[in-house]
**Student:** 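Provided herewith is a single structure, encoded as structure tokens, for subsequent inquiry.
A, B, ... follow the sequence lines: proteins, then strands. Residue 1 opens every chain.
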Protein chains: 2
Amino acid sequence: MRKSRAEAALTREKIVVTAANAYRKFGTGGISVQDVMKEAGLTHGGFYKHFSSKDALIAEACAWALDQTANRLAAAARRAPAGQGLQAIIDTYLSPAHRDHPEQGCAIAALGSELARYEGAPRCALGQGIQQLVELVAEYLPEHEQDAAKAIVGGMVGALVTARALDDRQLSDAFLASARQNLVRLHA
Amino acid sequence: MRKSRAEAALTREKIVVTAANAYRKFGTGGISVQDVMKEAGLTHGGFYKHFSSKDALIAEACAWALDQTANRLAAAARRAPAGQGLQAIIDTYLSPAHRDHPEQGCAIAALGSELARYEGAPRCALGQGIQQLVELVAEYLPEHEQDAAKAIVGGMVGALVTARALDDRQLSDAFLASARQNLVRLHA
DNA sequence: CAGTTGGGATTATCATCGTAATCCAAAATT
DNA sequence: AATTTTGGATTACGATGATAATCCCAACTG
């Protein structure tokens, strides 16, 4: 039954990725350790050989998810024509696809309000993710407008959260569109 | 032991208000029906004489909280000097006091990401609260800029969520300040 | 004022969850 | 090859949670 070192590392990675998706989809309180393990194709017994607690997994899963999102946004910005980097980041973040797939998306939007109540590692991870996003946005802003990056990131997160909260599809789309069109105005 | 009709209505109201505060503080999954009842000075047994389920209470509590916030913001706008209504709303919403007291504040920011995963009544209540906020903001925008209201509301919510998520007090303050200064620019 | 009703308390049920102890066999180590 | 580690499975434990049945007594109804 035992796996080699390398395989064990893969197993661990698999747990983290599975957890990152599951937590973004169901919330950290919405899925149990046991179900995460089952989803990863394992039994729950071995869990504490990998992580010291559920919170430790949450922290790692969030960090992984935040990295994933930052990388995707950075790639979108790089792909964009010159001068359109910021708009590309905003458009990618506020796409209907992102709204409809929280399990693959930004952990700040998916878990922000719950993780804000945590102390310790998970909250830390989230804070670093936020800073990461701000730095990415700031790269595409002129020197003298760096401060606007914070408001832009806030606007992106809030628009996604509200768009997901709205039952009415049309209204939800309108929220995304309004933010896509208006947020770039925040630097001028 | 039994209370009169009027007293029973007060009891019910008390449960809703207690729940509204508790859910915003701990999250809907962070406090049990029993603890909400205890907090309201009651035992948990009588709960289902008032509400059909925990979700029903969550929905009512959210609706109450959202009304509370909308009223406060509307009052702040009315108190403001002419032409400063929108800025007053934004400043009130993005005050450090609001950030530091989620249990008295906006339910969208406190519960948005969890309630977005609900179906049914709680999600509905949240959606209506969002629209309420948009309408309030729109009142203080010129006719031809109504669409910006959605982006502004999104920006407000997101800035508060991120400010709460950040461990670093200074950085958190900076997020609030950036949004306060920049969000009004969204109509121009 | 007698009878009915329905708030609210007490207690129970059944499920779930985080955590941990134990065990086994295969991989590291020597 | 013998010995030691250690991933991962099995199983257990204690706590907590949502929901419900039951009961009591005071407030309504007539």
**Student:** Could you give all pairs that pass the salt bridge (Lys or Arg N to Asp or Glu O under 4.0 Å) test and reach residues 52-61 of chain B, with sequence neighbours left out?
**Tutor:**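 For residues 52-61 of chain B, and leaving out neighbouring residues, the salt bridge (Lys or Arg N to Asp or Glu O under 4.0 Å) pairs sorted by first residue read Arg12(B)-Glu60(B).
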
**Student:** Specify the separation, in whole Å, of atom CG of Leu57(A) and atom P of dG18(C).
**Tutor:**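 Computing the Leu57(A):CG to dG18(C):P distance gives 10 Å.
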
**Student:** Within residues 28-38 of chain B, find the residues that approach DNA chain C with a heavy atom at under 4.0 Å, and present them sorted by residue number.
**Tutor:**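 Per residue number, the list is empty: none.
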
**Student:** Please determine, for the side chain of His44(B), which listed nucleotide (dA20(D), dG8(C), dA9(D)) has the closest atom?
**Tutor:**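 For His44(B), the side-chain atoms sit closest to dA20(D).
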
**Student:** Could you tell me which residues satisfy side-chain hydrogen bond (donor to acceptor under 3.5 Å, both in side chains) with Glu103(A), sequence neighbours excluded, listed by chain and number?
**Tutor:**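 Glu103(A) satisfies side-chain hydrogen bond (donor to acceptor under 3.5 Å, both in side chains) with His101(A) once adjacent residues are dropped.
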
**Student:** Show the atom names and distances, to 0.1 Å, of all donor-acceptor pairs under 3.5 Å that link a side chain in residues 147-154 of chain A to residues at least two apart or in another chain.
**Tutor:**
none

**Student:** List the atom pairs, donor and acceptor, that lie under 3.5 Å between side-chain atoms in residues 155-168 of chain A and the rest of the protein, sequence neighbours left out.
**Tutor:**
unit_1	atom_1	unit_2	atom_2	d
Thr162(A)	OG1	Gly158(A)	O	2.8
Thr162(A)	OG1	Ala159(A)	O	3.0
Arg164(A)	NE	Arg99(A)	O	3.1
Arg164(A)	NH2	His98(A)	O	2.9
Asp167(A)	OD1	Arg123(B)	NH1	3.1
Asp168(A)	OD1	Gln170(A)	N	2.9
Asp168(A)	OD1	Leu171(A)	N	3.2

**Student:** Where along residues 45-55 of chain A does a heavy atom come under 4.0 Å from DNA chain D, residue by residue in number order?
**Tutor:**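 The stretch gives Gly45(A), Gly46(A), Lys49(A), His50(A) as the residues lying under 4.0 Å from the strand, ordered by number.
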
**Student:** What pairs meet the salt bridge (Lys or Arg N to Asp or Glu O under 4.0 Å) rule with one or both residues in residues 78-93 of chain A, with sequence neighbours excluded?
**Tutor:**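 Every pair satisfying salt bridge (Lys or Arg N to Asp or Glu O under 4.0 Å) with a residue in residues 78-93 of chain A: there are none.
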
**Student:** Among residues at least two apart in sequence or on other chains, which ones pass salt bridge (charged side-chain N to carboxylate O under 4.0 Å, His left out) with Arg169(B)?
**Tutor:**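 Per chain and number, Arg169(B) pairs via salt bridge (charged side-chain N to carboxylate O under 4.0 Å, His left out) with Asp100(B).
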
**Student:** Output a table of donor-acceptor pairs, distance under 3.5 Å, between side-chain atoms of residues 32-44 of chain A and any protein atom two or more places apart or on a different chain; print 'none' if there are none.
**Tutor:**
unit_1	atom_1	unit_2	atom_2	d
Ser32(A)	OG	Asp35(A)	N	3.1

**Student:** Any luck finding a side-chain donor-acceptor pair between Thr28(A) and Tyr118(A) under 3.5 Å?
**Tutor:**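 Side-chain D/A pair, Thr28(A) to Tyr118(A): present.
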
**Student:** Name all pairs fulfilling the salt bridge (Lys or Arg N to Asp or Glu O under 4.0 Å) condition that reach into residues 21-30 of chain A, sequence neighbours left out, sorted by first residue then second.
**Tutor:**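 Every pair satisfying salt bridge (Lys or Arg N to Asp or Glu O under 4.0 Å) with a residue in residues 21-30 of chain A: there are none.
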
**Student:** Tell me which residues in residues 12-24 of chain B lie within less than 4.0 Å of DNA chain C, going by non-hydrogen atoms.
**Tutor:**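 Listed by number, there are none.
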
**Student:** Taking salt bridge (charged side-chain N to carboxylate O under 4.0 Å, His left out) as the definition, give me every residue that meets it alongside Arg117(B), ordered by chain and number, with sequence neighbours left out.
**Tutor:**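 Checked Arg117(B) against salt bridge (charged side-chain N to carboxylate O under 4.0 Å, His left out); matches are Glu114(A).
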
